[in-house]
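Since we're looking at a predicted model, the values are computed, not measured.
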Amino acid sequence: MKIEALLERKEQLQILILRNLVLQGGTASINGLREHVQLSKTSFDQYLEDIELIGRMMGKKVEVQRNEYQALLVLDEDVSLEKILLFLLQESLKFKMLVYLLEHQQVSIVRLATAFNISESSVFRKIKELNQLLEEFGLQIKNGQLYGEELQIRYFYYELFQYIPEDQRPFFLQNTPEKRPFILGLGRVLETTFTASAEAQIACWLGITKKRLLNEKSTYATLEEKKLLYQSDRLYQAIDPIIVMHLSRTAAELNVYETMMFYSFFVSFSIVDEEIFYQYDLTRSKKLPTAVLDTYIRETMLWHYRPRRLKIKEEKAVGYQISQINNEWFFFVGKIEVYERDRLLEQQQKMLGHSLTQLLEKLQETAMQQLPRKSTEDSALSYLMIQYANVLLMIDFYIAKPVVIGIDLESLPIYRIAFQQYLIRELRGVSGIEIESYEEGKNYDLVITFCQRNKQQNEYYLSEFASPYDIIRLKRRIEMLKKEKN
């Protein structure tokens with residue numbers, strides 16, 4: 001589910017126009033933009049004008065300036081596409097209805113119509129639109145209440161509010177003083193301290209949990225089997241007493257799955273750091289479904305790179321990321337996304353190359369074989385591939401041998417320092433390289449110079465002072481050297 005799907009149709013198209021402009025560097029042809037959003041000329045012109053109104057509502061400059069052929073995006077320095085989307089989301093009726101349902105659990109159509117000052121037919125229409133989006137999560141709004149697996153309901157709201165900055169969330173989802181004893185107690189039990197980000201995540205989940213405890217018609221269809229699998233896990237047993245003690249203050253009678261739901265959240269979203277997780281991983285049962293999948297995925301990845309090996313610290317980091325991915329894949333269904341998934345996966349596959357893209361497909365097959373009952377919708381699988389691709393790119397970064405570049409500008413005594421800084425600045429964004437001043441007798445993968453000095457060295461001869469042409473050719477040569485070296 002794309003986050004902008006919660007906006008009105010017009011606002012979705014305006015975000016699409018703005019995103020297209022951002023991806024094209026801020027300028028695009030008018031005809032190309034209009035074809036992309038498939039609007040008539042009249043509607044398109046009106047949508048562009050109304051984008052400026054969004055800026056006025058935000059109190060910021062948001063404009064699409066244009067002439068007959070070109071459109072130019074103009075934003076204030078402190079405005080981004082994400083901030084515009086966030087503003088529109090918080091003003092969205094569908095978003096407000098979802099928050100209202102969390103706060104009140106069950107409401108009538110009349111009450112919703114009154115709360116948002118709209119007609120009952122508009123309420124029915126918005127609920128129908130929301131149900132189409134919620135289907136990905138296995139959820140449905142019916143009779144003024146959100147129905148579905150309880151873990152999925154909590155997960156959906158957690159996902160939704162992760163897009164909202166903590167200080168802009170409803171107060172009951174913020175890290176308030178009443179939640180501090182629970183967070184500190186949890187840290188003591190696990191002998192760790194949480195980062196500010198992790199505390200905010202815990203506070204958000206805890207706030208959702210306390211609201212959902214008031215619901216009397218919760219469903220736990222898939223949790224019974226998961227509880228049987230995980231209730232003997234050391235981490236599960238460690239957090240169980242503190243969960244029960246804290247939540248019993250909110251509800252007179254707790255269901256038996258509260259610890260299982262918190263555990264599912266706790267192991268899936270990078271709450272504890274790598275070292276704490278590593279210590280836990282040493283003692284957890286290797287027969288757990290997620291532990292088995294972790295081993296398969298990790299060993300398949302590392303086998304591909306042999307005989308090159310990761311350092312212990314790097315292997316811990318890789319194992320940690322794989323585990324978070326697999327836990328989320330196992331426990332939860334659906335994803336709220338901000339970025340274009342297909343474009344992101346396409347860019348990752350370009351960076352990985354053919355061999356690693358094939359490995360990515362093998363990893364996906366492994367995950368499906370190990371967890372065959374998991375939903376295998378295209379959207380879920382492509383998100384899983386994006387996550388695994390991130391880990392492969394991380395391993396690539398760890399094991400890649402850097403291309404060592406020496407800059408030899410001795411023939412430019414006056415301009416040498418300024419020009420060398422120019423080259424370093426232009427090449428700094430290229431990953432996997434080390435740049436330094438040329439030293440006689442030292443071996444380099446590439447020497448940048450104006451004239452031939454050493455026939456034994458691989459040299460690039462600059463054509464002109466501060467030439468964009470040279471920078472383009474240098475980057476191309478560096479990419480070729482990286483492939484040769486790795």
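Here the options are L134, T219, L139, the test is side-chain contact (heavy atoms from CB on, under 4.5 Å), and the partner is Q152; only L139 passes.
Between E52 and K61 there is no salt bridge, since no side-chain nitrogen of the basic residue lies less than 4.0 Å from a carboxylate oxygen of the acidic one.
A donor-acceptor contact closer than 3.5 angstrom links the side chains of K335 and Y383.
Between Q168 and L86, some side-chain heavy-atom pair lies under the 4.5 Å cut-off.
In this pair, F161 and F95 present their aromatic rings perpendicular. The plane angle is above 60°, beyond the 30 to 60° band.
Partners of A198 by side chain to side chain contact (heavy atoms under 4.5 Å, CB included), not counting sequence neighbours, listed by chain and number: F194, T195, Q201, I271. With sequence neighbours excluded, the residues forming a salt bridge (Lys or Arg N to Asp or Glu O under 4.0 Å) with E346 are K350, listed by chain and number. Residues forming a side chain to side chain contact (heavy atoms under 4.5 Å, CB included) with E4 (at least two apart in sequence, or on another chain): K2, L7, I15, R19, L85.
Within the structure, the ring-ring contact (aromatic ring centres under 6.0 Å, His included) test picks out the following pairs touching residues 102-150 (sequence neighbours left out): Y100-H104, Y100-F116, F137-F156. Sorted pairs that involve residues 30-59 and meet ring-ring contact (aromatic ring centres under 6.0 Å, His included), not counting sequence neighbours, are lacking altogether. Note on residues 174-198: pairs passing salt bridge (Lys or Arg N to Asp or Glu O under 4.0 Å), not counting sequence neighbours, are R180-E199.
Between Y280 and F277, the distance separating the two ring centers is shorter than 6.0 angstrom. Annotation: Y158 is in aromatic contact with F265 [ring centroid separation under 6.0 Å].
The shortest non-hydrogen separation linking A71 to R66 is CA-CB, 4.1 Å.
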